[in-house]
Amino acid sequence: MTFKDLNIIEPVLEALIKEGYTTPTPIQEQAIPVLLQGRDVLGCAQTGTGKTAAFSIPIIQKLVSDRSNSFGEQSKKEKKKIKALILTPTRELASQIGDSFAKYGKFASLKHTVVFGGVGQRSQTDALKKGVDILVATPGRLLDLAGQGYINFSNIEFFVLDEADRMLDMGFITDIEKIIKKIPAERQTLLFSATMPMEISSLAESLLNEPVKIEVTPVSSTVDTIDQYIYFTRKENKGDLLLDILGDNF
Ligand code: AMP
């Protein structure tokens, strides 16, 4: 299986080749076709499985296709509207997701920005004022900026709730509920969570429309050809021990 087999369009394929991606990961193989069909997805997957590309690639592809189907109706000067909203619990995750959209969307000429709390809002509001197609956000800052009138939710077509279980643990549930109320009911929704406790299942039920359920186990971090050993030692002896082991074997 290659990305070409998944019917990925040329500008995205080119970006993936540039990133050195040759084969889709299991979650990408399963999620990309159903997302391109417009289905909602409930993904049980951890970080490291390639889930970010699994949702960002089809979103980019659909936005690019929508734009080419609109036969230039949207003039280049017209301000871009938020069409995809990705909610994630931490600023680190938000930045990583933003970087992914930058990488996979390199040749797609879509605008994206990332908003999160704990930093000044000026550069975020400047980007929002210019207009973006894709917005990656943490819930608190998103609501804060929405309260100040910087966010127009009415054109959102894709809504992704990433790391839903962590959002719940971090106490974001009321913020999420407030945000959901602002988003158009007609949309494609994706919910990803590493675990599926009761609260997530009921959130998924209220949020998703006949979702395709996808579950992947994390990619193994070790390979069979590498033998692993564990040595217990004091911190200050680590270097000497390592030299000793390497000396024995090389
Ligand atoms: P994620 O689970 O989305 O945090 O992705 C984990 C890492 O895998 C990231 O560093 C991605 O750049 C990388 N990655 C995602 N998909 C692929 C792929 N198909 N081939 C190679 N690397 C990938």
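Treat the numbers as computed from the prediction; the structure is a model and nothing was measured. Counting starts at 1 for both ligands and their atoms, following the listed order.
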field: atom 21 (C) of ligand 1: nearest protein contact (heavy atom, Å)
entry: Y21 CD1, 3.5 Å

query: Are any of the protein's heavy atoms under 4.0 angstrom from atom 9 (C) of ligand 1, yes or no?
result: no

message: Regarding ligand 1, does Q46 bring an N or O atom to under 3.5 Å of one of the ligand's N or O atoms?
response: no

message: Within this structure, what is the CD1-CD1 distance for the pair I214 and I27, rounded to the nearest 0.5 Å?
response: 6.0 Å

- request: Give a yes-or-no answer on whether the side chains of D5 and T2 include a donor-acceptor pair shorter than 3.5 Å.
  value: yes

field: Point-to-point distance, once rounded to the nearest 0.5 Å, from CG of L191 to CE of M196
entry: 6.0 Å

Ignoring hydrogens and angles, write down the donor-acceptor pairs under 3.5 Å from the side chains of residues 164-178, residues two or more places apart or on other chains.
{"unit_1": "D165", "atom_1": "OD1", "unit_2": "S193", "atom_2": "OG", "d": "3.3"}
{"unit_1": "D165", "atom_1": "OD2", "unit_2": "A194", "atom_2": "N", "d": "3.3"}
{"unit_1": "D165", "atom_1": "OD2", "unit_2": "T195", "atom_2": "N", "d": "2.8"}
{"unit_1": "D165", "atom_1": "OD2", "unit_2": "T195", "atom_2": "OG1", "d": "2.6"}
{"unit_1": "R166", "atom_1": "NH1", "unit_2": "E163", "atom_2": "OE1", "d": "3.3"}

message: Quick check for you: to the nearest 0.5 Å, what is the distance between K51 atom NZ and T25 atom OG1?
response: 11.5 Å

statement: shortest atom 6 (C) of ligand 1-to-protein heavy-atom contact is with G48 CA, 3.8 Å

message: Let's go through D126 and R122 carefully: what are the C-alpha distance in whole Å and the side-chain angles of both, what is the deciding distance for salt bridge (Lys or Arg N to Asp or Glu O under 4.0 Å) to 0.1 Å, and is it a yes or a no?
response: CA-CA 6 Å; D126 283 350; R122 185 62 193 270; 3.3 Å; yes

message: Between ligand 1 and G50, is the shortest N or O to N or O distance under 3.5 Å?
response: yes

Heteroatom proximity flag, Q96 to ligand 1, N/O under 3.5 Å: no

- request: Apply ring pair (Phe, Tyr, Trp, His ring centres under 6.0 Å) to the pair F3 and Y104, showing each step before the final yes or no.
  value: CA-CA 12 Å; F3 281 105; Y104 314 138; 8.6 Å; no

message: Consider salt bridge (Lys or Arg N to Asp or Glu O under 4.0 Å). Of K62, R67, K111, K80, which one does D133 pass it with?
response: K80

statement: atom 16 (N) of ligand 1 sits nearest the protein heavy atom Q28 NE2, 2.7 Å

message: Can you tell me which portion of E19 lies within the under-4.0 Å heavy-atom range of ligand 1? Options are side chain, backbone, both, or neither.
response: neither

message: Taking only non-hydrogen atoms of T23, do any sit less than 4.0 angstrom from ligand 1?
response: yes

field: Where ligand 1 meets F3 - atom numbers and elements under 4.0 angstrom, heavy-atom basis
entry: 19 (N)

- request: Using a 4.0 Å heavy-atom cut-off, say whether F192 meets ligand 1 through its side chain, its backbone, both or neither.
  value: neither

task: Find all atoms of ligand 1 within a distance of less than 4.0 Å from any non-hydrogen atom belonging to T47, and give their numbers and elements.
output: 2 (O), 4 (O)

message: According to ring pair (Phe, Tyr, Trp, His ring centres under 6.0 Å), who are the partners of F192, at least two apart in sequence or on a separate chain?
response: F55

field: Element-labelled atoms of ligand 1 that are located less than 4.0 Å from some non-hydrogen atom of T52
entry: 1 (P), 3 (O), 4 (O)

query: Are any of the N/O atoms in T22 less than 3.5 Å from those in ligand 1?
result: no

